[in-house]
Chemist: 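I am attaching a structure below and will ask some questions about it afterwards.
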Amino acid sequence: MARSALINVMVQAAMKAGRSLVRDFGEVQNLQVSVKGPGDYVSQADRKAEEIIHAELSRARPGYAFLMEERGSVAGEDDQHRWIVDPLDGTTNFLHGIPVFAISIALERQGQIVAGVVYNPAMDELYTAERGGGAYLNDRRLRVAARSRLSDAVIGCGLPHLGRGHHGNFLIELRNVMGEVSGVRRMGSASLDLAYVAAGRFDGFWERGLSPWDIAAGILLIREAGGFVSDMKGGQAMLEDGSIIAGNEPIHRALLKTVTKPLKA
Ligand code: 2AM
Ligand code: CA
């Protein structure tokens, strides 16, 4: 499969940062047993990966703006283009030696996501999508799962973090979903969760309280794999609202209805 120049630039940046993360991940596994733990080391690994991605993308496309997890917003002379980057999505997994983490890079053109790359360097799984060009896992074209009944579906989710989100409300949502689906999974990396929906591994996914860099690339992966994505109100304000729900058309519809079902006493 021939990749466009744009996707090649993004893949190169993701892979270079991925090599750096994998080296540091090896060290984190060694530090697991120390009392202080690998906390500072992980922050450094995260910043190093972001630095690599920023340098690579700036070199290849000078003037584009950035929105990055660590640096925040960086203005560019080109007001049409913005990179949305998470250099290490799944930090808690990384910190604990769990190989489920990813680099997420999306490109927005005039406010529309036009390209997305999600890369899990520990498993060497590279997800790419360009608007109108389909979604891929390595060289394989992706299609969301075809299951149409919730009772057959495996649904991914994210839990609200300590001190954030409404834990009680999440438990209501989870109870609603558990009662109707075949299984529920929680991986801890939103960008990979969305990639799993695109790949048909998860039939659907929902989470609240996310940031644009967690989801921008994954949204395009799912759309280009034929799936449906919305915020939890059914609108398209995922980046602004931080909530997301996804699946194929019937699963997306049914899951949205189920998750937001009022609790019966
Ligand atoms: P991160 O690893 O880059 O922080 C898992 O539910 C998702 O939530 C991950 O994509 C993770 O991204 C993000 N996340 C983890 N801790 C968070 C926190 N304290 N606040 C908001 N998002 C968080
Ligand atoms: Ca993240």
Side-chain angles (χ1 to χ4, degrees), residues 67-69 72-73 82-86 89-90 102 104-116 118 127 129 131 135 144-145 148 150 153-161 164-178 180-181 184-199 201-263:
L67 175 64
M68 310 187 90
E69 178 159 29
S73 280
R82 180 169 77 148
W83 299 112
I84 304 179
V85 178
D86 193 341
D89 184 43
S104 175
I105 304 175
L107 179 66
E108 238 181 24
R109 182 174 294 139
Q110 296 171 334
Q112 192 171 53
I113 305 162
V114 294
V118 174
Y127 299 85
R131 194 160 180 265
V144 290
S148 57
L150 278 185
V154 167
I155 303 295
C157 67
L159 311 180
H161 299 275
R164 282 180 153 238
H166 196 296
H167 295 199
N169 285 351
F170 174 78
L171 289 173
I172 295 170
E173 293 178 357
L174 181 61
R175 197 166 101 167
N176 287 341
V177 173
M178 270 161 55
E180 303 217 9
V181 305
V184 179
R185 298 287 183 275
R186 202 283 191 187
M187 293 208 300
S189 165
S191 63
L192 274 181
D193 288 319
L194 298 176
Y196 274 34
V197 174
R201 293 175 176 175
F202 285 169
D203 297 284
F205 175 77
W206 93 100
E207 185 166 359
R208 298 178 190 268
L210 292 167
S211 300
W213 45 79
D214 299 319
I215 56 178
I219 289 169
L220 187 68
L221 286 170
I222 294 178
R223 286 188 185 142
E224 289 297 324
F228 279 61
V229 185
S230 75
D231 60 41
M232 297 283 290
K233 296 190 191 94
Q236 288 298 304
M238 295 83 70
L239 298 192
E240 297 76 23
D241 182 69
S243 71
I244 190 161
I245 183 156
N248 64 25
E249 187 180 12
I251 293 288
H252 173 267
R253 194 182 331 113
L255 186 60
L256 180 57
K257 202 168 151 204
T258 298
V259 170
T260 55
K261 199 167 59 181
L263 179 69

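The first residue of the sequence shown is numbered 1, and numbering continues consecutively from there.
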Chemist: Side-chain contact test, heavy atoms from C-beta onward, threshold under 4.5 Å: evaluate it for Val114 versus Glu108 and give yes or no.
Modeler: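 Of all side-chain heavy-atom pairs linking Glu108 with Val114, none is under 4.5 Å.
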Chemist: Apply side-chain contact (heavy atoms from CB on, under 4.5 Å) to residues Ile215 and Met238 and explain how you reach the verdict.
Modeler: CA-CA 8 Å; Ile215 56 178; Met238 295 83 70; 4.0 Å; yes
Chemist: Going by heavy atoms in the side chains, are Ile219 and Leu239 under 4.5 Å from each other?
Modeler: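 Side-chain contact under 4.5 Å: yes.
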Chemist: Counting only heavy atoms not in Arg201, do more than 12 sit closer than 6.0 Å to its CZ atom?
Modeler: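 Yes, because the 6.0 Å sphere around CZ of Arg201 holds more than 12 heavy atoms from other groups.
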Chemist: Write down the atom of Ala216, the atom of Ile113, and the distance for their closest heavy-atom approach.
Modeler: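 Shortest heavy-atom separation between Ala216 and Ile113 comes out as O-CD1, 3.5 Å.
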Chemist: Run the ring pair (Phe, Tyr, Trp, His ring centres under 6.0 Å) test against Phe202 and tell me which residues pass, sequence neighbours left out.
Modeler: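 Ring pair (Phe, Tyr, Trp, His ring centres under 6.0 Å) list for Phe202, sorted by chain: Tyr196.
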Chemist: Contact between Trp83 and Leu67 at the side-chain level, heavy atoms closer than 4.5 Å - yes or no?
Modeler: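 No. Closest side-chain heavy atoms not under 4.5 Å.
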Chemist: To the nearest 0.5 Å, how far apart are CZ in Arg208 and SG in Cys157?
Modeler: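 Taking CZ in Arg208 and SG in Cys157, the distance rounds to 12.0 Å.
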Chemist: Which heavy atom of Glu69 sits nearest to which heavy atom of Asp86, and what is that distance?
Modeler: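 Residues Glu69 and Asp86, closest heavy atoms: OE1-OD1, 2.8 Å.
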Chemist: Show the nearest heavy-atom pair for residues Ala153 and Val181, with the distance to one decimal.
Modeler: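 Minimum heavy-atom contact is O-CB, 3.6 Å.
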Chemist: List in chain and number order the residues that pass side-chain hydrogen bond (donor to acceptor under 3.5 Å, both in side chains) with Trp206, two or more places apart in sequence or in another chain; answer none if no residue qualifies.
Modeler: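 Here the qualifying residues are Glu173.
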Chemist: Listed by chain and number, what are the side-chain hydrogen bond (donor to acceptor under 3.5 Å, both in side chains) partners of Thr258, not counting sequence neighbours?
Modeler: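 Residues passing side-chain hydrogen bond (donor to acceptor under 3.5 Å, both in side chains) with Thr258: none at all.
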Chemist: Please list, chain by chain and in numerical order, all residues satisfying side-chain hydrogen bond (donor to acceptor under 3.5 Å, both in side chains) with Glu240, sequence neighbours excluded.
Modeler: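 Scan of Glu240 (side-chain hydrogen bond (donor to acceptor under 3.5 Å, both in side chains), adjacent residues dropped) gives none.
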Chemist: For residues 241-250, which side-chain N or O atoms pair as donor and acceptor with protein atoms under 3.5 Å away, sequence neighbours left out?
Modeler:
from, atom 1, to, atom 2, distance (Å)
Asp241, OD2, Ser243, N, 3.4
Asp241, OD2, Ser243, OG, 2.3
Ser243, OG, Met232, N, 2.9
Asn248, OD1, Ile251, N, 2.9
Asn248, ND2, Ala145, O, 2.9
Asn248, ND2, Arg147, O, 2.7

Chemist: Output, in order, the C-alpha distance, side-chain angles, deciding distance and verdict of salt bridge (charged side-chain N to carboxylate O under 4.0 Å, His left out) for Lys257 and Glu180.
Modeler: CA-CA 11 Å; Lys257 202 168 151 204; Glu180 303 217 9; over 6 Å; no
Chemist: Mark yes or no for whether His166, through its side chain, and Pro160, through its backbone, hold a donor-acceptor pair below 3.5 Å.
Modeler: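 Such a contact is absent between His166 side chain and Pro160 backbone.
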Chemist: Would you give the length of the straight line joining atom CZ of Arg82 to atom CD of Gln110, rounded to the nearest 0.5 angstrom?
Modeler: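 Taking CZ in Arg82 and CD in Gln110, the distance rounds to 13.5 Å.
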Chemist: Go through it in stages, so that I can follow the logic: the residues are Val118 and Leu194, the test is side-chain contact (heavy atoms from CB on, under 4.5 Å), and I'd like the CA-CA distance, side-chain angles, deciding distance and then a yes or no.
Modeler: CA-CA 9 Å; Val118 174; Leu194 298 176; over 6 Å; no
Chemist: Using a 4.5 Å cut-off on heavy atoms from C-beta on, say whether the side chain of Val197 contacts that of Phe205.
Modeler: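 A side-chain contact under 4.5 Å exists here.
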Chemist: Would you name the heavy atoms of Leu256 and Ser230 that are closest together and state the gap between them?
Modeler: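 Minimum heavy-atom contact is CD2-OG, 4.5 Å.
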Chemist: I need the minimum non-hydrogen distance between Leu221 and Ala129, along with the two atoms involved.
Modeler: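 In terms of heavy atoms, the two residues are closest at CD2-CB, 3.7 Å.
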Chemist: What heavy-atom pair brings Ala217 and Ser104 nearest, and what distance separates the two atoms?
Modeler: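 The pair with the smallest heavy-atom distance is CB-OG, 3.4 Å.
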Chemist: Side-chain donor-acceptor pairs under 3.5 Å in residues 185-193, sequence neighbours left out?
Modeler:
from, atom 1, to, atom 2, distance (Å)
Ser189, OG, Asp89, O, 3.3
Ser189, OG, Asp89, OD2, 3.0
Ser191, OG, Asp89, OD2, 2.8

Chemist: Just verifying a value: how many Å separate Ile222 CD1 and His252 NE2, rounded to the nearest 0.5 Å?
Modeler: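 Separation between the atoms: 9.5 Å.
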